[in-house]
Colleague: 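The following block contains the structure, expressed as structure tokens.
Side chains are part of it too, since the values below use all heavy atoms of this structure and drop only hydrogens, waters and symmetry mates.
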Amino acid sequence: MRISLIQMNSRAAARDENVARACAFIDDAAKSRPDLIVVPEFFNVEYFPQYRDYRYMDYAEPDDGYTQTRMKAKAKEHGCHIVSTIFEMARPGFYYDTAMLINPQGEIAGKYRKVHPAAYLSLEKIYFRGGSTFPVFPVGEWTIGFSICYDNLFPESCRCLMLHGAELIIAPYATPVDNPWENFLTTRALENGVFLAACNHVGQEGEWRMSGKSMIIDPLGKLIVQASGTEEQIITAEIDREAVIAARRRF
């Protein structure tokens with residue numbers, strides 16, 4: 001599988017501009033013909049849970065809203081899967097941080113709702129509720145799962161995904177914390193024998209400087225590729241499912 005991560009900055013109160021920029025990055029990433037493209041958590045808006053202001057509830061969208069409609073079109077245009085994570089309004093009063101797997105036909109093939117809304121630094125718990133399951137999804141011969149940002153501080157999240165069959169874990173991020181996140185993410189990959197791909201925001205967003213450093217890690221906990229801590233960037237890697245089998249035999 002070839003996977004591309006889009007590390008980007010998201011401007012405040014500029015959803016349409018952010019989505020347009022993400023689409024341009026996707027067009028650029030598609031030149032290397034990836035099977036799977038990932039954008040960061042809440043890529044279409046600035047990281048709003050750093051503030052307590054219920055006006056930000058207006059940022060929530062349904063899965064057929066403006067943002068995901070554009071992402072579906074891009075997946076269909078380029079014939080690839082896209083992982084797109086938004087502030088989702090499932091129905092009135094039910095809000096989630098939701099990673100959606102969009103297939104090459106432009107359809108939502110699966111959803112994961114963040115189980116652990118962050119209470120460390122940010123105020124996510126006042127904006128959305130947590131999900132309660134750890135589903136996995138087929139992408140070609142692979143089985144993939146999602147673990148969003150703060151979820152990865154809990155070893156059980158990735159463990160549940162691996163026990164459900166995940167060989168690749170996608171971790172959409174929006175964080176200013178750049179230390180020690182390499183440590184626990186490489187540990188999550190090693191202890192479960194999975195590839196792990198973490199895709200983060202970068203640059204100033206409100207009062208926070210997002211830390212970048214998006215990365216792809218192999219099943220032995222080794223970094224394959226890592227992005228800058230300061231610049232927007234696309235990183236791409238070819239990953240081999242046989243490495244999962246070999247790592248689990250060894251470890």
Colleague: With side chains defined as the heavy atoms from C-beta onward, is the minimum distance between Leu121 and Trp208 less than 4.5 Å?
Modeller: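 In contact.
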Colleague: Anything under 30° is parallel, anything over 60° is perpendicular, the rest tilted; go ahead and classify Tyr95 against Phe87.
Modeller: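 Geometry flag for Phe87 against Tyr95: tilted rings.
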Colleague: Is Val19 reachable from Tyr47 through a run of hydrophobic residues whose side-chain heavy atoms are each under 4.5 Å from the next?
Modeller: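 In one cluster: no.
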Colleague: With rounding to the nearest 0.5 Å, note down the distance linking CD1 in Ile234 to OG in Ser32.
Modeller: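 So the gap between those two atoms works out to 8.0 Å.
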Colleague: For the atom pair CD1 (Ile170) and CZ (Phe137), what is the distance rounded to the nearest 0.5 Å?
Modeller: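 One gets 12.0 Å once the value is rounded to the nearest 0.5 Å.
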Colleague: Which one of Asn179, Val202, Asp178, Thr230 satisfies the side-chain contact (heavy atoms from CB on, under 4.5 Å) criterion with Ser211?
Modeller: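 By the side-chain contact (heavy atoms from CB on, under 4.5 Å) criterion, Ser211 pairs with just one of Asn179, Val202, Asp178, Thr230: Asp178.
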Colleague: Please walk me through it: do Ser10 and Val45 pass side-chain contact (heavy atoms from CB on, under 4.5 Å)?
Modeller: CA-CA 6 Å; Ser10 297; Val45 295; 6.0 Å; no
Colleague: Check whether any side-chain heavy atom of Val83 sits under 4.5 Å from a side-chain heavy atom of Phe146, and report yes or no.
Modeller: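 Yes, side chains in contact.
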Colleague: Any salt bridge linking Glu77 with Lys74? Criterion: basic side-chain nitrogen under 4.0 Å from a carboxylate oxygen.
Modeller: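 Yes, charged N to carboxylate O under 4.0 Å.
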Colleague: Within the structure provided, determine whether Arg70 and Cys23 are in side-chain contact (heavy-atom separation under 4.5 Å).
Modeller: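 In contact.
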Colleague: Should Ile144 and Val136 count as side-chain neighbours, where that means a heavy-atom distance under 4.5 Å?
Modeller: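 Answer no - side chains too far apart.
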Colleague: With a 4.5 Å cut-off on side-chain heavy-atom distances among I, L, V, M, F, W and Y, is there a chain of contacts connecting Ile216 to Ile82?
Modeller: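 Unlinked, Ile216 and Ile82 end up in two clusters.
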Colleague: Heavy atoms only: give me the nearest Ala174-His201 pair and the separation to one decimal.
Modeller: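 Scanning both residues completely, I find the closest heavy atoms to be CB-CD2, 3.5 Å.
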Colleague: Give a yes or no on this: more than 12 heavy atoms of other residues, nucleotides or ligands lie within 6.0 Å of atom CD of Gln105.
Modeller: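 Above 12, so yes.
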Colleague: With rounding to the nearest 0.5 Å, note down the distance linking OG in Ser157 to CG in Asn152.
Modeller: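 One gets 7.0 Å once the value is rounded to the nearest 0.5 Å.
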Colleague: Could you tell me the separation between the OG atom of Ser84 and the CD1 atom of Ile26, rounded to the nearest 0.5 Å?
Modeller: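 Result: 7.5 Å between the selected atoms.
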Colleague: Checking side-chain contact (heavy atoms from CB on, under 4.5 Å) for the pair Ile224/Phe195: CA distance, chi angles, key distance, verdict?
Modeller: CA-CA 10 Å; Ile224 300 172; Phe195 284 95; 3.7 Å; yes
Colleague: Under 4.5 Å between side-chain heavy atoms, hopping through other hydrophobics if needed: is there a path connecting Phe94 to Tyr112?
Modeller: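 No, it is not one cluster - the side chains of Phe94 and Tyr112 are not joined through contacts under 4.5 Å.
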Colleague: Report the C-alpha separation of Ser214 and Gln226 in whole Å, then their side-chain angles, then the decisive distance to 0.1 Å, and conclude whether the side-chain contact (heavy atoms from CB on, under 4.5 Å) test is met.
Modeller: CA-CA 6 Å; Ser214 300; Gln226 185 170 22; over 6 Å; no
Colleague: Tell me, do Arg21 and Met8 make a side-chain contact under 4.5 Å, heavy atoms counted?
Modeller: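 Contact flag for Arg21/Met8 side chains = yes.
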Colleague: Which pair of non-hydrogen atoms, one from Gly93 and one from Arg129, has the smallest distance, and what is that distance?
Modeller: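 What the structure gives for the nearest pair is O-NH2, 3.5 Å.
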Colleague: For Thr175 and Asn200, what are the C-alpha separation, side-chain angles and deciding distance, and is it a side chain to side chain donor-acceptor pair (under 3.5 Å)?
Modeller: CA-CA 7 Å; Thr175 184; Asn200 195 16; 5.7 Å; no
Colleague: What side-chain hydrogen bond (donor to acceptor under 3.5 Å, both in side chains) pairs are there with at least one residue in residues 235-247, not counting sequence neighbours?
Modeller: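 Matches after skipping sequence neighbours: Arg2-Glu238, Ser4-Thr236, Glu167-Arg241.
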Colleague: Do Lys213 and Ser228 come close enough that some side-chain heavy atom pair is under 4.5 Å?
Modeller: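 Lys213 does not reach Ser228 side chain to side chain.
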Colleague: Show the numbers, then the answer: is there a side-chain contact (heavy atoms from CB on, under 4.5 Å) between Thr186 and Lys222?
Modeller: CA-CA 7 Å; Thr186 53; Lys222 296 179 181 178; over 6 Å; no
Colleague: Between Arg55 and Asp58, does at least one N-O distance fall below 4.0 Å, as a salt bridge requires?
Modeller: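 Between Asp58 and Arg55 there is no salt bridge, as every charged N stays at least 4.0 Å from the carboxylate O atoms.
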Colleague: Do you know the tightest heavy-atom contact between Ala227 and Ile235?
Modeller: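 Taking every non-hydrogen atom into account, CB-CG2, 3.9 Å.
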Colleague: What's the verdict on ring-ring contact (aromatic ring centres under 6.0 Å, His included) for His116 and Phe154, showing C-alpha distance, side-chain angles and the deciding distance?
Modeller: CA-CA 9 Å; His116 304 95; Phe154 300 87; 4.0 Å; yes
Colleague: Look at atom CZ of Arg33 and say whether more than 12 heavy atoms of other residues, nucleotides or ligands are closer to it than 6.0 Å.
Modeller: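 Incorrect, the count does not exceed 12.
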Colleague: For Thr67 and Asn44, what are the C-alpha separation, side-chain angles and deciding distance, and is it a side chain to side chain donor-acceptor pair (under 3.5 Å)?
Modeller: CA-CA 7 Å; Thr67 299; Asn44 60 334; 2.9 Å; yes
Colleague: Could you list all the salt bridge (charged side-chain N to carboxylate O under 4.0 Å, His left out) pairs where at least one residue sits in residues 104-120, not counting sequence neighbours?
Modeller: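 Those involving residues 104-120 are Glu41-Lys114, Asp63-Lys111, Glu88-Lys111, Glu88-Arg113, Asp97-Lys114, Lys114-Glu124.
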Colleague: Check for a donor-acceptor pair, side chain of Thr85 on one end and backbone N or O of Phe42 on the other, with a separation under 3.5 Å.
Modeller: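 Side chain of Thr85 to backbone of Phe42, a donor-acceptor pair under 3.5 Å: no, none is there.
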Colleague: Same hydrophobic cluster for Ile239 and Met162, using side-chain heavy-atom links shorter than 4.5 Å among ILVMFWY?
Modeller: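 Hydrophobic grouping puts Ile239 with Met162.
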Colleague: Just checking, any donor-acceptor pair under 3.5 angstrom between side chains of Gln50 and Ser122?
Modeller: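 The criterion, which ignores hydrogens and geometry beyond distance, is not satisfied for Ser122 and Gln50.
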Colleague: Of the non-hydrogen atoms in Ile6 and Ala22, which two are nearest, and what is the gap between them?
Modeller: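 Scanning both residues, the minimum pair turns out to be CD1-O, 4.4 Å.
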Colleague: If you round to the nearest 0.5 Å, how far is CH2 of Trp181 from OH of Tyr173?
Modeller: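 That separation rounds to 6.0 Å.
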Colleague: Look up atom SG in Cys158 and atom CG in Leu196, then write down how far apart they are to the nearest 0.5 Å.
Modeller: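 Output value for this atom pair is 5.5 Å.
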Colleague: Contact between Pro172 and Cys199 at the side-chain level, heavy atoms closer than 4.5 Å - yes or no?
Modeller: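 They are not in side-chain contact.
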Colleague: In sequence, state the C-alpha distance, the side-chain angles, and the governing distance for Phe48 and Tyr127, and then conclude on ring-ring contact (aromatic ring centres under 6.0 Å, His included).
Modeller: CA-CA 10 Å; Phe48 62 91; Tyr127 291 106; 5.2 Å; yes
Colleague: Could you tell me whether the side chain of Leu168 reaches within less than 4.5 Å of the side chain of Val194, counting heavy atoms only?
Modeller: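 A side-chain contact under 4.5 Å is absent here.
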Colleague: Is the shortest distance from a Lys or Arg side-chain nitrogen in Glu46 or Arg11 to a carboxylate oxygen in the other one below 4.0 Å?
Modeller: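 No, this pair does not count.
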Colleague: Out of curiosity, does Ile169 fall in the hydrophobic cluster containing Phe134 (side-chain heavy atoms, cut-off under 4.5 Å, transitive links)?
Modeller: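 Yes, Phe134 and Ile169 fall within the same hydrophobic cluster.
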Colleague: If I compare all heavy atoms of Asp151 with all of Ser147, which pair ends up nearest, and what's the gap?
Modeller: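 Nearest pair, atom of Asp151 first, then Ser147: CB-OG, 3.3 Å.
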Colleague: Might you work through the salt bridge (charged side-chain N to carboxylate O under 4.0 Å, His left out) test for Glu191 and Arg159, ending with a clear yes or no?
Modeller: CA-CA 8 Å; Glu191 66 194 2; Arg159 194 66 177 172; over 6 Å; no
Colleague: For Met215 and Leu5, work out which heavy atoms get closest and say how close.
Modeller: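 Nearest pair, atom of Met215 first, then Leu5: O-CD1, 3.5 Å.
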